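For reference, the structure discussed in these notes is given below.
Every value quoted in this text rests on a predicted model; they were computed, and no experiment measured them.
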There are 2 protein chains.
Amino acid sequence: MGDERVTIVDVANKAGVAISSVSSALNGRPGVSDVTRERIIRIAAELGFVPSLRGKSLSGRRAFTLGLVLHRDPDVLELDPFFGGFIGGIEDAIDPAGYALVLQISAESDRVLQRYDKLAADRRVDGVFITDLEVDDPRIQLVQRLGLPAVAINPGIDFPIPAVREDPEAGIRATLRHLVELGHRRIAYVSGRADMTHSVQREQAWRSGLLELSLAPGPVVPGDFTYLGGASAASTLLALAEPPTAVMCANDLSAIGLIAQAQHLGVDVPGQLSVAGFDDIRLGTYVRPSVTTVHTSPRLLGRESGRMLVELIEEGAVADVRIPDAELIVRDSTGPVGAGR
Amino acid sequence: MGDERVTIVDVANKAGVAISSVSSALNGRPGVSDVTRERIIRIAAELGFVPSLRGKSLSGRRAFTLGLVLHRDPDVLELDPFFGGFIGGIEDAIDPAGYALVLQISAESDRVLQRYDKLAADRRVDGVFITDLEVDDPRIQLVQRLGLPAVAINPGIDFPIPAVREDPEAGIRATLRHLVELGHRRIAYVSGRADMTHSVQREQAWRSGLLELSLAPGPVVPGDFTYLGGASAASTLLALAEPPTAVMCANDLSAIGLIAQAQHLGVDVPGQLSVAGFDDIRLGTYVRPSVTTVHTSPRLLGRESGRMLVELIEEGAVADVRIPDAELIVRDSTGPVGAGR
DNA sequence: TTGAAAGCGGTACCAG
DNA sequence: CTGGTACCGCTTTCAA
């Protein structure tokens, strides 16, 4: 009942061998005969020996811990569609490798940098994930300066550190084609926060997609990925002299806000206005009309980035990964132009 | 540029003292003269010395890490209002004390137990948080058996391990009074998952609150805290021979689902049906009508439980805490009975 | 007041 | 193949 923790010494004693042999046997290193190894393994199991992570960390110079610092207002995290799946995916990959995830959340960006700094200074983690990349993100320099292994999630192209990418372009193109097939020609855009790279990416994809279809990009309303941002964009767009017949939003949450506000203003969706989002959050399937969107895979993104970070730490290098493209999912918020109500 | 990490030995050498003196000086322990202490502190700062967490962990028998294992389907986590604030609150409390949080998410409950087990066996964490308590939750026995310090969040009364509580009763009572003042007499309830203690608590509070007001508890529809659960409850309730004029829901998400479905069925909220939720999630302020609810404080709950767990670990004991009661917030989804449309 | 030394629980090298 | 031992970086006890 006390603190009789079984250590490697106990195993060595009971097996009548040196601790070094126990270590080698249990870690599958050469230098022990098969019979000895078997015996050691058996005895270790009998004794319920679990190697101490602390001892291993100190001697092995690894913490077996990875860090994720979210730059969010914790109170807003509630609506974030990304992190449940993403974190779940990370674990799928790192837990079997013996790593755990330390999560931190900070609202202010200075604080975020401080925390990466501290994680590194304490040697608390062996590597970090970098999500929500901003344009000229200072964290990149930081991890490079610190020599801290890091994997970036959805950065732009030509990135200086290992990255996983899920390309939004194909999905956005498909959405535009879908809208054009329905007869839409004036397709507006509600953007995300201009300082975030995935926001920039999505908007560019929208713009170039339209140009490819020989259409002029419609009005762009600045948004911020929030429900309220979408709602206010609805008011803006519907007050135009020549309102668009369709709107793409940088994410589902703003699409849902936009739809709600449009309905409130007496505009039928999709009868008078088609709306598409991005992310495929669950809520989008619940609301009426359900939201046409581009499906992303946070879990897969998490899984791959977890795998990559472990590999980077253990092998010293890792290749970039691109997961399958995000795909269009047509639901009820998009329909033929001029179906009116 | 290499791995020239500054250790306690470097500081000792440069200061011309023994490492034990450095340790004492830096940790504010007695046994060093003030001048020596000052000099050591200055030199440590000059050298940029940061004590290694690994060394400390091994010798100090503490990992300076706390664990939170969520029993959720990661893919569903996206809409959970609780965890952003809760985790933020935990950090508010533990980060200054030098602790970090390891987060794990598992969909199956066996797996959850395994992970607590492993966290303890590895000595990866010094203590754990236990949220989402279930009736006869097996985790309680587990942590007791493992001798793992733990703090429970919102368990029932008379609980065997330290706990933080935020009482829902007062808020639910206030909601009922509010509805009765508006003229409602048939007040239904959409419950949460029956196996969770806070679900049971809330339903009991609703029942006893009504009895206190000398009203018969209205129909109860089993729900599951989800949007869809709320939506289906709407269909059930509105199909009754004598539908209720008001509904309380176990949480906001189901209230929002219920409202949406009621509207879809042509029932005006609050004109023909008043609806109240619980939690005060952000989404509830966006939807129309905005949702009358009971405000909870995940962040404060997190902060207190973090503080408690650290105290439990460092002092060996800690008193239960009750944070201020959850409070009624009246919004637009509740109104006078029979206001019709 | 100060310093030497014994752990904490492993890994890894090296001689036997 | 095996065992002894130095070491990882810190805390803590105990002499000096």
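- Between the B/Asp73 side chain and the B/Ala107 main chain, no donor and acceptor come within less than 3.5 Å of each other.
- Checking A/Arg124 against B/Thr65 by side-chain atom types alone, a donor-acceptor pair falls below 3.5 Å.
- For B/Ile40 and C/dG3, the CD1 to C1' distance is 11 Å, given to the nearest whole Å.
- Among the protein residues, B/Ser57 comes within range of no part of the nucleic acid, since none of its heavy atoms lies under 4.0 Å from any strand.
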I need a per-nucleotide contact map over nucleotides 11-16 of chain D, read 5' to 3'. Cutoff is protein heavy atoms under 4.0 Å; write B for the base, S for backbone only, - otherwise. BB----

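- Using a 4.0 Å cut-off, no side-chain N or O of A/Ser52 falls inside it from OP1 or OP2 of C/dC8.
- Screening A/Val125, A/Ile94, A/Ile313, A/Leu53 for a side chain to side chain contact (heavy atoms under 4.5 Å, CB included) involving A/Phe64 leaves a single residue, A/Leu53.
- Under a 3.5 Å cut-off, the side chain of A/Asn27 and the backbone N or O of A/Arg29 do not form any donor-acceptor pair.
- Contact record, A/Ala15 with A/Ile40: CB-CG1, 4.4 Å, taken as the closest heavy-atom pair.
- Look at CG on B/Leu58: it is 8 Å from C1' on C/dG10, rounded to the nearest Å.
- Nearest to the side chain of A/Arg61, among D/dG4, D/dC8, C/dT2, sits D/dC8.
- Within residues 10-17 of chain A, no residue has any heavy atom under 4.0 Å from DNA chain C.
- Classified by interplanar angle (parallel below 30°, tilted 30° to 60°, perpendicular above 60°), the ring pair A/Phe83/A/Phe86 is perpendicular.
- The bend of the helix from C/dT1-D/dA16 to C/dG16-D/dC1, defined by the angle between the axes of its first five and last five pairs, stands at 50° to the nearest 10°.
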